[in-house]
Amino acid sequence: MAPTGDDVVFQYGAGGRGKGFGKDGRRLMSQPRGIHVESDGSLYVADFTSFCVFRFAANDSRGHVVAGEDGKQLMDVDYMKDIDRPLASPEGEGFLLKNPIDVVSSPRDGLLVLDCAAARVQSFQPGPGGQSAAGRVRVPPSTAPPAKSVAAPEALKHPRAIFLEDDGIVVCDTWSHRVLRYRTSASAPEVLAGTPNSCGGEPGKLNFPSCIAFCADGSLLVSDTNNHRVQRFRPGERQGETVAGSAECKSGCSLTELNMPTGLVVEADGSFLVADRANGRVLRFREGGAGEVLAGPELLERPWGLALGPDGSVYVSDERRAVVLKLAGAKPKQPKAEAAPPQPSGYPPQMPAEEPSRGYPGKQPAAAPAAPDLGMGLD
């Protein structure tokens, strides 16, 4: 499908799920989530159920795989196999991924990939032919004490986003309802926001947070997904304040409300953009004001990730349409007062207090079909 809408400069992805290329020559993706744009306009896409990371040059419709392998997932270790011998690493360790969900690139660190199901961050350096060399685990660090199980209190649990800093990596540890900072010189992480392994709607708690961003003054923004709000934590403070969405944790579709927000990005003037996922739109919020619609259901179905281009354009990944859209200049739109964003048939009026955990642990097929959308979808 060619780009549609006056504000769409370019469309990455053929608009259909699968492996390889569509009829129009565009790359097929399955479930694009986290995205990153470099200073030269190159785009990285973490494709959750293609099990790989794609890199597209500016306005390149085909792209290529730079981490993982398209359609091939890193399998879990079989703890019952060869039980009397030392446990071996799974086939493809260091090269294959389970469910990549976010990606960041820098000249110093190379390509950093957050693997949601593996609950770790790996760094990849460019290898022959564009494919990266074997990955090195950066989070959890090698100096950290080993977690006894994935259910241990200290373990990362299905993290969804990372933010690269000069002296470390910040991780949105989603299913533990917290944000952690891993400094290069420290073995244990620092809790920046949330109460570890405890969700809630109080100002100091989070409920399945999905993304993080930092303001110019060092304040931390968190998309508090199942609380339908964006929380701001000022430097050194553990009590957050609601700067978008409902402080009462209620979902809605007005310009002051959100419904399962995910992606976040801060603009140069201090305003921030939110991927309002279940409402199928991207909103801009300025200090103390209501949201401005940058793109709505006429373009988007289930937006997930956001990024800013060097030319001021806005990139948004749509995991249901399996595309990434590059939007020009992103002028605010005036929605019709009587028109609320459409919901899919059977969509529940209220989200459960906790996300469905179906699909974990377990193995996904090489070409995973689209999951039924239950507010946040499978993760």
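Note that the coordinates shown come from a computational prediction; the quantities given were computed from them, not determined experimentally.
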Exercise. Without hydrogens or angle criteria, can the side chains of Arg26 and Ser61 be said to hold a donor-acceptor pair below 3.5 Å?
Worked result: no

Exercise. Any chance the side chains of Lys205 and Asn227 put a donor and an acceptor closer than 3.5 Å?
Worked result: no

Seminar exercise, completed: For Leu220, the other hydrophobic cluster members (4.5 Å side-chain criterion, sorted by chain and number) are Phe163, Val170, Val179, Leu192, Leu206, Ile212, Phe214, Val222, Phe233

Exercise. Using a side-chain heavy atom cutoff under 4.5 Å and only I, L, V, M, F, W and Y, what cluster partners does Leu28 have?
Worked result: none

For this session: Please list all pairs passing the salt bridge (Lys or Arg N to Asp or Glu O under 4.0 Å) test where one or both residues lie in residues 217-233, with sequence neighbours left out.
Result: Asp217-Arg234, Asp224-Arg229, Arg232-Glu241, Arg232-Glu287

Problem set entry | Partners passing ring-ring contact (aromatic ring centres under 6.0 Å, His included) against Phe56 (at least two apart in sequence or in another chain) | Tyr12

Exercise. Does Phe21 have any ring-ring contact (aromatic ring centres under 6.0 Å, His included) partners at least two apart in sequence or in another chain, and if so, which?
Worked result: none

For this session: Verify, without hydrogens or angle tests, whether Asp7 (side chain) and Ala328 (backbone) share a donor-acceptor contact under 3.5 angstrom.
Result: no

Problem set entry | Mutual orientation of the aromatic rings belonging to Phe272 and Phe285 [parallel < 30°, tilted 30-60°, perpendicular > 60°] | parallel

Give every donor-acceptor pair under 3.5 Å between a side-chain atom in residues 107-114 and any protein atom, sequence neighbours left out.
| unit_1 | atom_1 | unit_2 | atom_2 | d |
| --- | --- | --- | --- | --- |
| Arg108 | NH1 | Asp166 | O | 2.8 |
| Arg108 | NH2 | Glu165 | O | 3.1 |
| Asp109 | OD1 | Arg138 | NH1 | 3.2 |
| Asp109 | OD1 | Arg138 | NH2 | 3.0 |
| Asp109 | OD2 | Ser106 | OG | 3.2 |

Problem set entry | Nearest heavy atoms of Gly252 and Asn279, plus distance in Å | O-ND2, 2.8 Å

Problem set entry | Phe54 and His64 aromatic centres sub-6.0 Å | no

For this session: Might you work through the salt bridge (charged side-chain N to carboxylate O under 4.0 Å, His left out) test for Asp115 and Arg120, ending with a clear yes or no?
Result: CA-CA 6 Å; Asp115 196 330; Arg120 63 185 181 182; 5.1 Å; no

